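Just so we're on the same page: letters track the sequence lines, and every chain starts at 1. Model, not experiment: these values are computed from the prediction.
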Amino acid sequence: MTNYEMILRYIKENLKAENEKDTDKWVKFLTYQLLN
Amino acid sequence: MYDEKTYNEKLQRMETAMRNKTPDRVPVLCMSDNWALSYAGYTLEEITNDDEKHLKAYEKVLSDFPWDGAHYNVLTRAVKYIRALGGGTYKENTTLQVESGTVLCMEADEYDKLIENPYEFIINTIAERKYGLLQETDAEKKYSGYCSAMDEFFKYKKLGAEANRRAKEIHNVPMVRPMGFFHPLDLILDFMRDFSGTMNDIKRQPKKVAEACDVLLEMCFDNIVNFYPKHQTGCCIFNPMHIPEFLSPRDFGKVYWPSYKKIMDRLSELGYVTLSYYERNYEHLYDYLKELPVNTVGLFEDDDLRKTKKELSNMAIAGGMDCYTLYYGTKQNCIDMAKGLIDDLAPGGGYIFTTNRILHSPNDAKAENLLAVNEYVMENGNY
């Protein structure tokens, strides 16, 4: 499992993304939060 | 204590000034960040381990000085989240700051990968190099660790919500910074290529740098509209700018300006106000900044604001109260400076009184001087 796949799993299981648009929104948000 | 009338007047005052118009009085904006810790008598370590102390430190600044709006009421970074990831660029000394020399985690020849898929590249490559947790080989252990880190992140967001509630309900101070973003090239500078790497890239492969900025811009823009879908009265999107002070106008025009102008135009068209924080001196870039849209506020550190106001009539101006004077000057020195700012910058509107720098270190301001200038502007800044 790549880190990207792990984050997709987190989005699905914890943020309850229901469609591609939701998933895309969270991918962008969580990517930004990794720039620390 | 919350008072609807004065609270809304503060918001309207901020809104009018930020839209480059004339409010009833020059608004007084709080740009105190880590200074709150030393002022309240806490260390960074103490507040990161005690949420109540964390809140109290920032609340003390809101309660002890008069303000029309404030930018900070918690640390700007989720420290425990970053700790749980096991790395990061922010260093915890007496204040929380980016520390150069710990940033480099992307090679000069990796721009194509960044451009092709910025999300996969940042998550799989940059973040893996940056954080110990993401180097974990046991997938379930790594996932569990990431879930714990995110728990810390959402606790931090909850703390921010509580801080906002207290700012409003207890201190009657609007928090006017609901959203922020870094320009893509500042993201590359601060979190991927470090200073020397970024400066070399700008010289050696400017087209790649500009292309990467264009791609990353979409992430910045989408995060804003997804999580702050509509402008709120009196509020602004905060955009601290780091690298332009080091760039010639020619290089700025090649690598920074196209994407900067693009996002500022898009945000302005949607009715947002953006406050760009121009760190150090930007006079060499005024020919570009003149082209920025309405709904832009410029917070300038070292520029001559009298000249800035004349040349950049397209934007509202914030700042001017010199931190050095606030710490080393007498109370009268500080009041004289505040009076000069009001006399010269308030006419015509579009001026927000605040410090010329974000207050971080204990010697960024003396409390009695800060109180004196805020009271002076509150009493003498009427139109």
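If you check the side chains of E13(A) and Y143(B), you find a donor sitting under 3.5 Å from an acceptor.
K25(A) and N223(B) get closest at one heavy-atom pair: O-OD1, 4.3 Å.
Looking at heavy atoms from C-beta onward, P118(B) lies out of side-chain contact with T31(A) at the 4.5 angstrom threshold. L35(A) is listed as a side-chain neighbour of M219(B), based on a closest heavy-atom distance under 4.5 Å.
Of the candidates T125(B), N124(B), I126(B), I122(B), N3(A) forms a side chain to side chain contact (heavy atoms under 4.5 Å, CB included) with just one, namely N124(B).
The pair R9(A)-E140(B) meets the salt-bridge criterion, with a side-chain N (NZ, NE, NH1 or NH2) lying under 4.0 Å from an Asp/Glu carboxylate O.
Considering CE of M6(A) and CD of E136(B), their distance stands at 10.5 Å, rounded to 0.5 Å. In this structure, CD on E128(B) lies 11.5 Å from CG on L34(A), to the nearest 0.5 angstrom.
Aromatic ring centres of Y10(A) and Y146(B): separated by under 6.0 Å. Proximity of the aromatic rings of F29(A) and F153(B) is defined here by a centroid distance below 6.0 angstrom, and this criterion is met.
Both the backbone and the side chain of L134(B) have a heavy atom closer than 4.5 Å to some heavy atom of chain A. At a 4.5 Å heavy-atom cutoff, the contact between A139(B) and chain A is made by backbone and side-chain atoms alike. Using a 4.5 Å cut-off between heavy atoms, L8(A) makes no contact with chain B at all. No part of F121(B) comes within reach of chain A, as not one of its non-hydrogen atoms sits under 4.5 angstrom from that chain.
Within a 6.0 Å radius of NZ in K142(B), more than 12 heavy atoms belonging to other residues, nucleotides or ligands are found.
Checking side-chain atoms of Y32(A) against main-chain N and O of F181(B) turns up no donor-acceptor pair under 3.5 Å.
Stacking of K28(A) on the aromatic ring of F227(B) is not recorded, the 6.0 Å distance cut-off and the 45° axial limit not both being met.
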